[in-house]
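Here is the structure we will look at, set down as structure tokens.
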Amino acid sequence: MTETAGAHDDWRRFLTRWSEEWADACARDELGADDEEARRARWLGFAPAPPARVAALEKRLGHRLPPSYRTFLEVTDGWRHAGGFVWRLAGTADARWYEDDAGLAEIFQEGLAEDATREEVLEATIWTRALELAVDSDVVSVLLDPEDVDEHGEWALYTWAPWRGSPPERHASFWEFMQDAYREFHSLRAGDEDQSEFENATTREWDERVAQARREALRGAYASAEEVLAKAQEFGRPRACALRDQIGWLLGDRYARDFDGLAGDPLYAPELLPALLVEETEQHGWPWESDGAYAAHLRGGSDETRDLEDEVLRRLRDGTYAYAPRGPFGDAVRTAREQARWGETDAAWRTLLAALPQWRPLGPDHLAPVGLLADPLLGPLLTPERGRVLLSTPRGEEATGAVPAAVDQDRPGLAWLAEQPQGHSHRPAYRFVLVEGVEPAALPALLGADEGAELRVPMREWDARRTPRPDGVSSSYDDKALVSVGRAGDGWSFAVDREPQPFHDVRFVSPAVAASRYGRAVVVWAEPDAFDRGALFHLSVAAHGAERYAFTVFGERCERSGEIPRELLPEHLFPEVRDGGRYRQGLGETAALEAVGAAFGVTLPRFALDHGRLHTFRTRSWTRPPESGETYTVITVGPRRG
């Protein structure tokens, strides 16, 4: 609050406007005698309190009143309808020290921690000293605190109601509280279905500010636009919430943001309803079946939107849903989806960002391509950081500024595999095949477990591993890896398994030879030290169906074959083994991965593997069949009987 806010003229203008808007809004309401009198007078207050009455109140309280409440009394000695739940505010006759009949002071102070802040202590002890201003309310306390005072002498004001289920709400002053109560009056009236004609100078002013905020958001000034929309939402302006929610979703804030029923509008439903459904299923799992129940509760929900819900859920389940806007931006979306499904998420983001100025809204309540978030391939790309970049990019009818530079998430190369993932107690094992001269879609023909093997629809790695094996058989002698596939750089494809079975040095068969039909193939397998066997790093390289060279560093051993290039020699990469020690995982792994990446010009996309959705398939076994005298276990997984 400024030093002048709450002065006499401020109060008179503010309260007069509020009273007149209230009188016009309740013209057709059934009113009691007191309210009917206020409506005819177009004044929610009373006569001003004479100076002697104010002085008498201050003498009775033993305190000089805070400036904004004192000046308020000089304009009106009390007030009706301070928001929706306080029906009468005290004037000079009714202001009184709070009487804690319910023992709230004891209850709130029991919850104070020993290291509570001053603000927390003031909030918990307000009941012992506050001036109560609520004369008639829906069990709402309005408390001025004589110990929470600012540099202008203003007392903080706290409101609390047991039915809110939250701590007391603090306002910097009585003036700020009344401003908030005025906004509450507007919000409740605007949300009343019987008040479709609730219109006045304030609503028109805020509706224009909402329209201007949307234009600013389209120009890229989303932060200042969001501030205006937040204030307009407090006044209950109908477009503000839906527009603000679109900004929130792209920034990663989706809690309790449902686009204020806009997703039930057939014009906007194809864009917004899928995003809501994806979020709902992420939080609560897939419904077994849908009869449009989610869309039915949306404001304006129709048969059309209920049918859309059924269709979207079906396509999400079978992996065929795709965000498909029209026009040039839609063309870019299709290109980006193709890039993302092969792990090229940075390229996909650059494609989307470059085309964003060509995006066009579906209507006047649409300000960004929120539907991207529902796309299984493109949604993971939109981190909160990229959401900010998207919102900063001029688009739609305001696309006149420069497009921000795209920042890649992935660094090139393979060395990131040696890093310990956040939240893990150790670095997990991994193995991968890099294949030259073929597209990822051709990998099942080279490495697939079965003839005619095909890629599965893109999915997250965790979901792919939950999917049952088609044959329902798991054996300890075979090692058919579930791999995620994509592009590993110019002319290379990858197949990665980040949950391999333990390395079996006796029966291991490198898939490099089978994968090298059309060019070179590189296989890497790394494991941390387990059971004090030492760590593992294996590299094998083949070309046109023949192995060229390989080495395996495993604990104290180093086995090698073929003519290994100098930059890949294990004695250079793993000096501890060269010097007669044991490889326990460390700098050698990072150096080996860097060397492999540089030697072949390959890279693996960390973001796509960690967060994206990629095609998967099962490879043929990485171990040979057991020989005579070797035992193994077969486990058949099928439906439970009985």
Side-chain angles (χ1 to χ4, degrees), residues 1 18 22 25 44 66 68-69 78-90 94-113 116-148 154-193 195 229-238 240-241 244-245 248 253-258 260-261 297 299:
M1 192 188 82
W18 186 349
W22 174 84
L44 281 167
S68 62
Y69 182 55
W79 191 253
R80 306 174 180 91
H81 299 296
F85 308 100
V86 178
W87 305 313
R88 184 76 173 267
L89 273 179
D94 299 312
R96 66 190 187 282
W97 295 117
Y98 182 76
E99 297 176 2
D100 189 15
D101 297 332
L104 295 175
E106 182 179 354
I107 294 172
F108 275 79
Q109 289 179 67
E110 282 179 355
L112 271 180
T117 64
R118 178 177 181 273
E119 291 74 16
E120 291 170 335
V121 172
L122 286 172
E123 178 185 286
T125 58
I126 181 72
W127 321 99
T128 65
R129 61 183 178 275
L131 185 65
E132 173 67 271
L133 299 185
V135 177
D136 188 15
S137 71
D138 188 8
V139 202
V140 178
S141 294
V142 180
L143 307 170
L144 275 170
D145 186 354
E147 292 188 14
D148 191 351
E154 290 291 353
W155 301 4
L157 186 146
Y158 292 81
T159 60
W160 183 77
W163 44 265
R164 286 179 181 164
S166 60
E169 180 179 357
R170 184 182 184 277
H171 306 265
S173 66
F174 180 73
W175 168 264
E176 295 296 337
F177 160 71
M178 289 293 278
Q179 295 293 319
D180 189 62
Y182 175 60
R183 289 189 289 269
E184 185 176 75
F185 153 70
H186 264 271
S187 178
L188 292 172
R189 282 291 178 173
D192 190 338
E193 294 182 359
Q195 291 294 325
L229 293 172
K231 293 177 181 177
Q233 190 175 349
E234 292 179 353
F235 278 88
R237 301 322 305 148
C241 180
R244 188 184 178 208
D245 280 1
D253 178 12
R254 298 166 196 175
Y255 177 72
R257 292 184 182 270
D258 63 359
D260 197 29
H297 90 273
R299 187 188 319 147

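Values in this document were obtained by computation on a predicted structure and should not be read as measured data.
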Working to the nearest 0.5 Å, report the span between NZ of K231 and CG of L229. 11.5 Å
Do D145 side-chain atoms and A156 backbone N/O form a donor-acceptor pair below 3.5 Å? no
With rounding to the nearest 0.5 angstrom, report the CZ to CZ distance, R237 to R244. 16.0 Å
At their closest point, which heavy atom of A95 faces which heavy atom of A90, and how far apart are they? N-CB, 3.5 Å
Going by heavy atoms in the side chains, are F85 and E184 under 4.5 Å from each other? yes
Give a yes or no on whether the backbone of E99 and the side-chain of E132 come within a donor-acceptor separation of less than 3.5 Å. no
Residue pair F174 / P66, side-chain heavy-atom distance below 4.5 Å: no
Side-chain heavy atoms of W22 within contact of R80, under 4.5 Å: no
Side chains of T159 and R164 in contact at under 4.5 Å (non-hydrogen atoms): yes
Can you name the closest pair of heavy atoms from S68 and S173 and give their distance? OG-CB, 4.1 Å
With the side chain counted from C-beta on, respond yes when W155 and L157 share a heavy-atom pair under 4.5 Å apart, and no when they do not. no
Using side-chain heavy atoms (C-beta onward) and a distance below 4.5 Å, is M178 in contact with W18? yes
For Y182 and H186, take the angle between the two ring planes, folded into 0 to 90°, and tell me which bin it lands in: parallel under 30, tilted 30 to 60, perpendicular over 60. perpendicular
Taking only Lys NZ, Arg NE, NH1 and NH2, and the carboxylate oxygens of Asp or Glu, determine whether R88 and D94 approach each other closer than 4.0 Å. no
Which distance, rounded to the nearest 0.5 Å, do you find between the CG of L104 and the CH2 of W160? 5.0 Å
Nearest-0.5 Å distance that lies between atom CD in E234 and atom CG in D180: 6.5 Å
Could you tell me which non-hydrogen atom of D245 sits nearest to which non-hydrogen atom of R257, and how far apart they are? OD1-NH1, 3.1 Å
May I ask you to decide if the ring planes of F177 and H171 are parallel, tilted or perpendicular, using 30° and 60° as cut-offs? perpendicular
Considering only heavy atoms from C-beta outward, does the side chain of F185 approach that of L44 to under 4.5 Å? no
Between A102 and I107, the two heavy atoms sitting closest are O-CD1, 4.1 Å
The reported gap from CG in L144 to CD1 in I126 (rounded to nearest 0.5 angstrom) is 8.5 Å
Are more than 12 heavy atoms from other residues, nucleotides or ligands located less than 6.0 Å from atom CD of E106? no
Drop me the distance from D100's CG to W127's CH2, to the nearest 0.5 angstrom. 7.5 Å
So Y69 and L133, do their side chains get closer than 4.5 Å, heavy atoms only? yes
Over all atoms of both residues, closest heavy-atom pair of E154 and A172: CB-O, 4.3 Å
Nearest atoms (heavy-atom pairs only) where E123 meets P167: OE2-CB, 3.4 Å
If we count only N and O atoms by modelled type, under 3.5 Å, do the side chains of R183 and S187 hold a donor and an acceptor together? no
Main-chain N/O of T128 paired to W97 side chain as donor or acceptor, under 3.5 Å: no
